[in-house]
Number of protein chains: 2
Amino acid sequence: MSPPLHISISEKLRHQIESGVYTSGDRLPSEHQLMETFSVSRITARQAVANLVSQGLAIAYRGKGVFVTPQKKVTYSLSSPLVFLEQDMARQGIAFSFENLVFEPAAAPSDAAAALGIPKASPVYVQKKLFRMDGAAGAVDLTYLIADLGDRFAPLLEHQMTFPILAQNGIPIDCLDAVIECTHADYDLSGYLEVPLGHALMVYRYTAYSSDQQPVLHGATISRADRFCYSLSTRAGASA
Amino acid sequence: MSPPLHISISEKLRHQIESGVYTSGDRLPSEHQLMETFSVSRITARQAVANLVSQGLAIAYRGKGVFVTPQKKVTYSLSSPLVFLEQDMARQGIAFSFENLVFEPAAAPSDAAAALGIPKASPVYVQKKLFRMDGAAGAVDLTYLIADLGDRFAPLLEHQMTFPILAQNGIPIDCLDAVIECTHADYDLSGYLEVPLGHALMVYRYTAYSSDQQPVLHGATISRADRFCYSLSTRAGASA
DNA sequence: ACAACCAACTTGTTATAACAAGTGAGCTTA
DNA sequence: TAAGCTCACTTGTTATAACAAGTTGGTTGT
């Protein structure tokens with residue numbers, strides 16, 4: 001009838017977080033404190049905390065403690081007219097910064113090649129960016145299918161917004177195909193994205209086409225599922 | 001340098017799943033077998049399995065064992081022209097069934113009321129459906145903002161697809177606002193959806209408008225994040 | 001004053017142990 | 001034959017214990 005102890009403790013802490021006893025960034029009681037407060041073993045206290053961490057409500061740092069994760073989500077609007085992540089955040093007035101990690105000619109990854117309809121390992125440009133906004137971090141992987149990109153405006157793409165730069169250079173993005181899915185952080189991502197292993201991630205994968213229906217780039221925006229959500233609208237004058 | 005034992009074991013099992021040693025529905029080695037195979041304690045073996053379960057790669061049943069979750073995801077296309085879940089699955093040739101749980105007049109829930117722009121607790125119709133497709137289950141909560149729904153075609157909505165029934169009765173759905181986010185199963189949902197506590201869920205929330213821009217209904221489609229994904233396209237003749 | 005060290009805290013990993021509880025096969029009994 | 005029981009196996013929960021490893025602040029020594 002009664003739930004396991006670790007669930008009860010989790011729920012108690014969750015309610016305290018939701019009711020404001022602990023707010024964004026606060027330190028939760030240490031495992032030792034939970035042991036004494038609830039008269040349980042460390043395993044049980046640990047499992048209670050693990051429940052919160054696995055759901056993204058808190059994050060643990062070895063040597064420091066367990067801290068409440070900000071609960072507010074950043075909404076990325078996918079509605080027409082198409083805007084890239086940077087633009088949409090600017091429109092919403094959310095502080096946004098990104099850091100270029102990689103920008104170089106490379107052989108097309110197999111998934112991007114398939115999406116772009118080109119042979120695997122075709123020559124493309126690959127860009128990797130980290131972005132930060134409102135305390136949350138994410139990653140963007142881009143695969144550009146533009147032959148002479150390097151000579152023309154590659155340097156611009158390293159430091160400026162992708163879509164406007166493309167448009168200014170005669171390649172306006174007209175439409176795209178996209179998939180939104182949820183995956184989990186694996187060992188490849190930990191550190192790179194500061195996401196605990198096993199944490200849920202939102203992945204937004206898209207293929208962008210120019211106005212003549214030719215594929216231009218393939219992208220993946222990877223973000224923490226507890227900090228990001230996506231919105232779309234088919235209404236005429238919508239701007240939510 | 002070397003990762004913790006339980007991570008190594010998780011990875012080994014994950015690779016075995018991905019390489020086909022264990023496929024959809026197969027039983028993984030029991031905790032006792034893992035203890036002997038890898039010469040570790042039960043805690044470590046358990047933690048290795050817990051990693052897989054928390055990522056949705058496997059699901060554990062007490063008394064039976066741990067079984068591989070189907071990895072294939074069902075894609076729900078949100079592209080224009082608007083189609084409801086049932087229709088899109090039928091179009092893709094995926095076996096689909098739903099079960100009506102609740103259909104009754106009720107006071108509008110606060111979130112639906114806010115989305116529909118009506119006072120809280122206004123009279124509405126509330127419907128709850130469970131659906132099954134391709135081995136996955138999900139739930140649909142609908143809040144209808146139609147005053148004389150009961151007298152006209154309410155019974156039809158219990159057993160047939162929502163959008164066509166609305167259209168046939170003079171209420172064609174023209175456009176919608178939607179948000180896609182990822183949450184986690186809490187105690188309310190376990191059992192109801194056969195989702196383990198803490199499991200990631202995809203939530204698709206939308207407000208549907210008729211052709212005269214009046215809100216008609218508010219809905220939420222809740223599904224397992226490891227079994228569902230959403231796609232959209234702004235291309236003209238797209239049908240992916 | 002400053003650097004180095006250390007002690008006390010934190011979470012992370014792992015072992016051993018026991019009991020609870022759900023499942024299923026096989027045996028026993030009516 | 002059929003119902004019911006038992007036993008072996010499964011995962012779930014919890015306790016105690018020890019060490020590893022990262023952080024922080026205070027103390028000590030130069």
Side-chain angles (χ1 to χ4, degrees), chain A residues 1-13 22 25-69 185-187 190-191 194-199, chain B residues 1-13 22 25-69 185-187 190-191 194-199:
Chain A
M1 185 63 67
S2 65
L5 281 178
H6 67 90
I7 302 270
S8 306
I9 299 174
S10 278
E11 290 304 318
K12 194 147 198 168
L13 289 173
Y22 302 108
D26 282 2
R27 218 192 100 181
L28 292 178
S30 72
E31 294 172 357
H32 189 74
Q33 286 173 300
L34 291 177
M35 286 168 66
E36 292 194 338
T37 304
F38 295 98
S39 301
V40 294
S41 74
R42 197 182 157 207
I43 282 206
T44 305
R46 233 182 122 60
Q47 206 162 343
V49 174
N51 291 337
L52 300 177
V53 171
S54 78
Q55 296 183 27
L57 268 74
I59 183 167
Y61 298 98
R62 181 191 295 198
K64 298 175 74 173
V66 180
F67 299 84
V68 177
T69 305
D186 55 23
Y187 55 96
S190 36
E194 298 173 8
V195 171
L197 192 140
H199 202 99
Chain B
M1 187 61 67
S2 65
L5 281 179
H6 66 91
I7 302 269
S8 306
I9 299 174
S10 278
E11 290 304 319
K12 195 146 198 169
L13 289 173
Y22 303 108
D26 281 4
R27 218 191 101 181
L28 292 178
S30 72
E31 293 172 356
H32 189 72
Q33 287 174 300
L34 291 176
M35 286 168 67
E36 292 194 339
T37 304
F38 295 99
S39 301
V40 295
S41 72
R42 195 180 159 208
I43 283 205
T44 305
R46 229 182 125 60
Q47 206 163 343
V49 173
N51 291 337
L52 300 178
V53 170
S54 77
Q55 296 183 28
L57 268 72
I59 182 166
Y61 297 99
R62 181 191 294 199
K64 297 176 72 174
V66 180
F67 299 84
V68 177
T69 305
D186 55 23
Y187 54 95
S190 34
E194 298 172 7
V195 171
L197 192 141
H199 203 99

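First the proteins, then the strands, lettered A, B, ... as listed; each starts at 1. It should be emphasised that the depicted structure is a prediction, and the values quoted were computed from it without experimental measurement.
- What separates OH of B:Tyr61 from C1' of C:dA20 is a distance of 21 Å, to the nearest Å.
- Toward the 5′ end of DNA chain D lies the nearest nucleotide of A:Gln47, the other residue of the pair A:Gln47 and A:Gly63 mapping further downstream.
- In the helix from C:dA1-D:dT30 to C:dA30-D:dT1, the terminal helix axes, each the rotation mapping four pairs' C1' atoms onto the next four within five end pairs, subtend 20°, rounded to 10°.
- The stretch residues 33-43 of chain A participates, sequence neighbours left out, in these salt bridge (Lys or Arg N to Asp or Glu O under 4.0 Å) pairs: A:Glu31-A:Arg42.
- The distance from atom CE of A:Met35 to atom P of D:dT14 is 14 Å, rounded to the nearest whole Å.
- No side-chain heavy atom of B:Leu28 sits less than 4.5 Å from a side-chain heavy atom of B:Val49.
- When distances are taken from the side chain of A:Lys64 to each of D:dG12, C:dG12, D:dT24, the shortest belongs to D:dT24.
- Taking every side-chain heavy atom of B:Ser30 into account, D:dT11 is the closest of C:dA15, D:dT11, C:dT10.
- The CZ atom of B:Arg27 sits 18 Å away from the P atom of C:dG22 (whole-angstrom rounding).
- Between B:Gln33 atom CD and D:dT10 atom P there is a gap of 6 Å when expressed in whole angstrom units.
- Here the C1' atom of nucleotide D:dG12 and the NE2 atom of A:His6 are 8 Å apart, to the nearest Å.
- With sequence neighbours excluded, the residues that form a side chain to side chain contact (heavy atoms under 4.5 Å, CB included) with A:Ser8 are A:Pro3.
- Between the CG atom in B:Leu52 and the CD atom in B:Glu11 there is a gap of 8.5 Å [rounded to 0.5 Å].
- Contact check for B:Leu13 versus B:Leu34: side-chain heavy atoms found under the 4.5 Å cut-off.
- Counting heavy atoms from C-beta outward, A:Ile43 and B:Ile43 have side chains that approach closer than 4.5 Å.
- Following rounding to the nearest Å, B:Phe67 (CZ) and C:dG22 (P) show an atom-to-atom distance of 17 Å.
- Residue contacts for B:Val66: at a heavy-atom cut-off of 4.0 Å it reaches the sugar-phosphate backbone alone, with no base atom in range.
- Phosphate contact (OP1/OP2 of C:dA15, side-chain N/O of B:Thr44, threshold under 4.0 Å): present.
- Distance, B:Arg62 CZ to D:dC9 P: 19 Å, rounded to whole Å.
- Remark: B:Arg27 engages B:Ser30, B:Gln33, B:Phe67 in a side chain to side chain contact (heavy atoms under 4.5 Å, CB included) (not counting sequence neighbours).
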Sort me out a list of protein N/O and nucleotides 16-18 of chain C N/O pairs below 3.5 Å, or just none if empty.
{"unit_1": "C:dA18", "atom_1": "N6", "unit_2": "B:Arg42", "atom_2": "NH1", "d": "3.2"}

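- A salt bridge (Lys or Arg N to Asp or Glu O under 4.0 Å) check over residues 47-57 of chain B, counting only residues at least two apart or in different chains, returns nothing.
- A close approach under 4.0 Å does not occur between any side-chain nitrogen or oxygen of B:Arg46 and OP1 or OP2 of D:dT11.
- One interatomic measurement links the two molecules: CD of B:Glu31 to P of C:dA15, which rounds to 14 Å at whole-angstrom precision.
- Among C:dT14, C:dT10, D:dT13, the nucleotide with an atom closest to any side-chain atom of A:His32 is C:dT10.
- Residues forming a side chain to side chain contact (heavy atoms under 4.5 Å, CB included) with A:Thr37 (at least two apart in sequence, or on another chain): none.
- The two residues A:His6 and A:Ala48 make their nearest non-hydrogen contact at O-CB, 3.5 Å.
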